[in-house]
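Not measured: the values here are computed from a predicted model. Below, chain A is the first sequence line, B the second, and so on; all start at residue 1.
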Amino acid sequence: MIEKPKGTNDYIYPESQIRKQVINQILSFLEKFGYEPIETPIFENVELFKRSAGISSDIVAKEMYEFLDKKGRQLALRPEITAPVVRAIIQNNLINQPIIKLYYFGNIFRYEKPQKDRYRQATQFGIEFFGIDKPIADFETILIAYNIYKTIFNLEIEIHINSIGCKDCRPKYKNKIYGYFINFKDKLCSDCQRRLEENPLRILDCKNTTCKEISQDSPKSSEHLCLNCKEHFSKLSEILNSQNIPIIQNSLLVRGLDYYNRTVFEVKHNNIDLAGGGRYDYLVNHISQGKYDIPAVGFAGGLERLTNLLKEKKYINKLLEEKFKINIVSLSEKADKIISNIYSKIIDKIIKKNQNIEIHLTKFDNLSKALKTANKLKINYFIFIGEEELKNDEITIKNMETGKQEKIKIENTISKILQIIQNN
RNA sequence: GUGGGUGUAGCUGAGCGGUUAGAGCAGUGGACUGUGGAUCCACGGGUCGGGGGUUCAAGUCCCCUCACCCACCCCA
């Protein structure tokens, strides 16, 4: 037996149905804000990720699925989707538009040790908003992320938010942090001793008790922002507060991708990170190698974390409401043609009227079995022709809930069925 | 990548050195051959995750391996 690769999943009913409905709700919601869909390849040149998400991030440095194709091109399965979107808007000359609002939905791949909520092939949705560097764009992005979880799925969430500064103030802050932690080097955990040299900001994120205590008195990013960054962040906070978006200012929040600047945020439920994002004003410049310079902000959310959570919350029952089901059954070889004809006509009408019903065509030798099967399928109306009906050119229609049934002439079947559908 | 736990029928669980691996649910057939859901009866289904070892004897003990789960790490 060949089994699926580690960290991957098959999604079968009912989970496949839940996923479909959850993602449909999210995507149609995003379109209300004027976002348009974009699709990019699931593999790209390795360089795209190394130069954007950053060589110092674990995602790129340790977790990428890299491979050579038959001509020796260095490729990678995408570990995130922001860099590909940026690449795509540059390559397709969308860059001249004053603002660009895009959303995506697709798989990402990370070579990690799998657990619940964490798979090697995962599904992300997200938005990217290009063209506005003002806090109002950050606000819109956070508002959308908030409403996806709060309004659509009714989840209690926290928005953690921070500003990590810009290319002017961030290096200075980094130096301060380094200068602070170097004094405690021996007390830091082994990971943090390594981080101190690679990216000292990450120490702020450490869960080790000693490191946490040391971090308490470290220089706070909010106190080391330049005036512009400080103003940007305080304006954003003001707007969010005025709209009663429950934010938690978390000066220890540092995100794992190198391209962020200024605003970074995470959407959390209990301790689960549902989504993360922020501003990346230099990424377009970076990927276009200095040709274009466009500010941007966005976020990405994980579909699996959301659906796993919804399963626990029993929200899914709502998503799996039964459709109205009709079963058309032949009980005799001689009835097959008539039944098939009725079936195809009904299907034709349903398609034209866009009715939300489910229709099953079955064939049994014995009525008892046919009914048992219909029962398992949770059929609402059971319609059949057997020897008895054939004698008088009739068809029997049975309501499975009440058990009531009636015989009608075959030629009246379609209009009767349509009438039943209409009434339900 | 580090540490820990789990893996027995389609699903959920017993069994923890000793007959032919046991149960509930699900499935199939029948009681009931043109009327379902209920009940009763019968039946089918297992390389006990995989490989190796210890032993007269291994689902049970040991080693390796694979997968899943948990805590780190990291992150969606």
Side-chain angles (χ1 to χ4, degrees), chain A residues 1-9 12 26 53 56-64 78-82 104-126 145 148-149 189-192 194-195 199 202 205-209 211 253-257 264-269 271-277 298-309 327 329 331-332 335 364-391 396-405 407:
Chain A
M1 174 64 193
I2 299 170
E3 292 174 344
K4 65 186 169 61
K6 184 170 181 163
T8 62
N9 287 301
I12 57 174
I26 293 169
S56 78
S57 79
D58 282 5
I59 292 172
V60 170
K62 300 185 200 163
E63 298 175 356
M64 255 200 318
R78 61 185 182 193
E80 61 102 35
I81 306 187
T82 296
Y104 59 78
F105 150 63
N107 291 120
I108 58 152
F109 303 86
R110 294 180 189 173
Y111 191 88
E112 296 183 282
K113 190 165 172 179
Q115 330 177 350
K116 189 175 199 164
D117 283 344
R118 184 215 204 117
Y119 308 104
R120 291 185 171 181
Q121 175 174 325
T123 312
Q124 283 191 348
F125 56 86
I148 285 173
Y149 296 98
C189 70
S190 57
D191 277 331
C192 283
R194 176 177 51 83
R195 288 181 184 124
N199 188 353
R202 288 287 185 76
D205 231 4
C206 187
K207 273 85 185 171
N208 179 295
T209 342
C211 299
L253 176 61
V254 184
R255 305 223 68 245
L257 301 163
V264 291
F265 70 95
E266 287 178 352
V267 179
K268 289 170 176 275
H269 173 87
N271 249 335
I272 305 164
D273 287 2
L274 291 169
F299 82 90
L303 182 61
E304 288 75 23
R305 287 181 183 190
L306 177 55
T307 52
N308 281 344
L309 191 57
N327 189 193
V329 190
L331 292 178
S332 158
F364 287 93
D365 298 330
N366 140 353
L367 181 58
S368 184
K369 273 185 203 168
L371 278 165
K372 275 185 186 167
T373 306
N375 210 38
K376 274 168 199 152
L377 291 170
K378 295 181 178 156
I379 297 295
N380 299 89
Y381 275 84
F382 182 86
I383 297 160
F384 67 99
I385 301 179
E387 297 293 340
E388 209 175 297
E389 285 76 12
L390 281 170
K391 284 180 207 160
T396 301
I397 298 185
K398 182 183 179 70
N399 180 328
M400 292 295 282
E401 284 156 59
T402 64
K404 283 182 186 164
Q405 65 184 57
K407 282 194 170 66

Take atom NZ of Lys4(A) and atom P of rC66(B), then tell me their distance rounded to the nearest Å.
15 Å
What residues form a side chain to side chain contact (heavy atoms under 4.5 Å, CB included) with Lys116(A), not counting sequence neighbours?
Tyr119(A), Asn308(A), Glu312(A)
Residues in side chain to side chain donor-acceptor pair (under 3.5 Å) with Thr373(A), at least two apart?
none
Using the test salt bridge (Lys or Arg N to Asp or Glu O under 4.0 Å), find all partners of Lys372(A) that sit at least two apart in sequence or belong to another chain.
none
Just to verify, what does Glu388(A) make a salt bridge (Lys or Arg N to Asp or Glu O under 4.0 Å) with, not counting sequence neighbours?
Lys407(A)
Side-chain heavy-atom pair Leu371(A), Met400(A) within 4.5 angstrom cut-off:
yes
Touch check for Glu389(A), heavy atoms < 4.0 angstrom, all strands: base, sugar-phosphate only, or nothing?
base
Tyr119(A) atom OH is separated from rA67(B) atom P, nearest whole Å, by 15 Å
So, under a plain 3.5 Å distance rule, would you say the side chain of Glu3(A) forms a donor-acceptor pair with the base of rG49(B)?
no
Please, what dot-bracket string fits RNA chain B when only Watson-Crick and G-U pairs with both distances under 3.5 Å count, crossing ones use [ ] and pairs to another strand use |?
((((((((.[[[..)..(....]]].(((((.......))))).....[[[[[..)....]]]]])))))))....
Would you list the pairs meeting side-chain hydrogen bond (donor to acceptor under 3.5 Å, both in side chains) in which at least one residue belongs to residues 374-387 of chain A, sequence neighbours left out?
Ser332(A)-Glu387(A), Asn380(A)-Glu401(A), Tyr381(A)-Asn399(A)
Phe105(A) side chain reached by Ile26(A) side chain, heavy atoms, under 4.5 Å
no
Applying salt bridge (Lys or Arg N to Asp or Glu O under 4.0 Å) to Asp273(A) and not counting sequence neighbours gives Lys268(A)
Between P of rG36(B) and CD1 of Ile383(A), the distance in whole Å:
19 Å
Does a nitrogen or oxygen in the side chain of Lys116(A) sit under 4.0 Å from OP1 or OP2 of rC69(B)?
no
With sequence neighbours excluded, what pairs up with Thr396(A) under the side chain to side chain donor-acceptor pair (under 3.5 Å) test?
Glu389(A)
Could you run down the sub-3.5 Å N/O contacts of the protein with nucleotides 1-4 of chain B?
from: rU2(B); atom 1: O4; to: Lys113(A); atom 2: NZ; distance (Å): 3.1
from: rG3(B); atom 1: O6; to: Lys113(A); atom 2: NZ; distance (Å): 3.2

State, to 0.1 Å, how close Glu112(A) and Arg120(A) come at their nearest heavy-atom pair, and which atoms those are.
O-NE, 2.7 Å
Side chain to side chain contact (heavy atoms under 4.5 Å, CB included) involving Lys113(A) - partner list, sequence neighbours excluded:
none
In short, Ala370(A) meets Phe382(A) closest at the heavy-atom pair O-CE1, 3.6 Å
Return a single string for nucleotides 38-46 of chain B, one symbol per nucleotide in 5' to 3' order, where B is base contact, S is sugar-phosphate-only contact and - is none, cutoff 4.0 angstrom on heavy atoms.
---------
Residue met sooner reading RNA chain B from 5', once Gln124(A) and Thr402(A) are mapped to nucleotides
Thr402(A)
Distances for protein N or O near nucleotides 27-33 of chain B N or O, under 3.5 Å:
from: rG27(B); atom 1: OP1; to: Lys376(A); atom 2: NZ; distance (Å): 3.3

Rounded distance in Å - CG (Asp273(A)) to P (rC72(B))
12 Å
How close do Gly302(A) and Tyr149(A) get, counting heavy atoms only, and between which atoms?
N-OH, 4.5 Å
From CG of Asp117(A) over to C1' of rC73(B), roughly how many Å is that when rounded to an integer?
16 Å
